[in-house]
Amino acid sequence: EAEQTKFKLSFNLHSFLFTIFWYIWRRMYTQGAAILLLFALFAVSIVFFPGLRILSIPLFLLLWAGCAFCSNGIYMEHIRKVAGEALKVPANYRRDYMNKHGGTDKKATIIAAVASAVFFIIFTVLASSVI
């Protein structure tokens, strides 16, 4: 059984620089989608509701920093979950299972990056027409 350790904060530079993409690359799709949604809500509030900027910008920065400081612990929990599920798979398939569900996903990261670029361009055009 994996040793349970207390959740410790540690800074992850890659998660800080590539937040959403880091989570997707690490196959944590739900967490990446949740962070993307929150970032999008902050971006919308900053652009379309100027009165909320005083609140939105600090919250956005806090979320960004929080992602960087909590990402290692979140990833460790993800790996523990995948390892537990791998025990249900026949022994000769466990390595493949771990790689498929706990490894990295370059294809999904590239797709997310392209989709983000497209949405960023659309958002920029819409925002510039409002401002």
Acceptor/donor pairs from residues 118-126 side chains to any protein atom, 3.5 angstrom cut, sequence neighbours excluded:
unit_1, atom_1, unit_2, atom_2, d
Thr124, OG1, Phe120, O, 2.7

Pairs under 3.5 angstrom only: tabulate donor-acceptor contacts from the side chains of residues 33-41 to other protein residues two or more places apart or in another chain.
none

When the side chains of residues 108-116 are checked against the rest of the protein, which donor-acceptor pairs come out under 3.5 Å, sequence neighbours left out?
unit_1, atom_1, unit_2, atom_2, d
Thr109, OG1, Trp25, N, 3.4
Thr109, OG1, Asp105, O, 2.7
Ser116, OG, Ala112, O, 2.8

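Nearest heavy atoms, Val47 versus Arg53: O-NH2, 4.1 Å. When every heavy atom of Phe16 is checked against every heavy atom of Thr19, the shortest pair comes out as O-OG1, 3.3 Å. Between Gly102 and Ile79, the shortest heavy-atom contact is O-CD1, 3.5 Å. When all heavy atoms are compared, the tightest approach of Tyr23 to Ser15 is CE1-OG, 3.8 Å. Between His101 and His78 the shortest heavy-atom distance is O-NE2, 3.3 Å.
The side-chain hydrogen bond (donor to acceptor under 3.5 Å, both in side chains) contacts involving residues 31-48 comprise Ser45-Ser56, where partners must be two or more places apart or lie in separate chains. Judged as a salt bridge (Lys or Arg N to Asp or Glu O under 4.0 Å), not a single pair has a partner in residues 58-70 (not counting sequence neighbours). Contacts classified as salt bridge (Lys or Arg N to Asp or Glu O under 4.0 Å) and involving residues 59-70 (residues at least two apart or in different chains) are not found. Residue pairs meeting the salt bridge (Lys or Arg N to Asp or Glu O under 4.0 Å) criterion with at least one member in residues 40-49, sequence neighbours excluded, do not occur. Pairs engaging residues 82-99 under the side-chain hydrogen bond (donor to acceptor under 3.5 Å, both in side chains) rule: Glu85-Tyr97 [sequence neighbours left out].
A continuous path of hydrophobic side-chain contacts links Leu9 to Ile74 [ILVMFWY only; heavy atoms under 4.5 Å]. Hydrophobic clustering (ILVMFWY, side-chain heavy atoms < 4.5 Å, transitive): Phe18 and Trp64 are in one cluster. Hydrophobic clustering (side-chain heavy atoms under 4.5 Å, transitive across Ile, Leu, Val, Met, Phe, Trp, Tyr) keeps Leu62 apart from Val44.
Side-chain contact check for Trp22 versus Tyr75: some heavy-atom pair is nearer than 4.5 Å. Side-chain contact check for Arg27 versus Thr104: every heavy-atom pair is 4.5 Å or farther apart. Taking the side chain as every heavy atom from C-beta outward, Ile46 and Leu52 never approach each other to under 4.5 Å.
Through direct or indirect side-chain contacts shorter than 4.5 Å among Ile, Leu, Val, Met, Phe, Trp and Tyr, Leu87 is connected to no other residue.
Residues passing the side chain to side chain donor-acceptor pair (under 3.5 Å) test with Ser10, sequence neighbours excluded: Asn72. Scanning for ring-ring contact (aromatic ring centres under 6.0 Å, His included) contacts around Phe49 gives an empty result, with sequence neighbours left out.
Annotation: Leu17, atom CG; neighbour count of heavy atoms from other residues, nucleotides and ligands within 6.0 Å is above 12.
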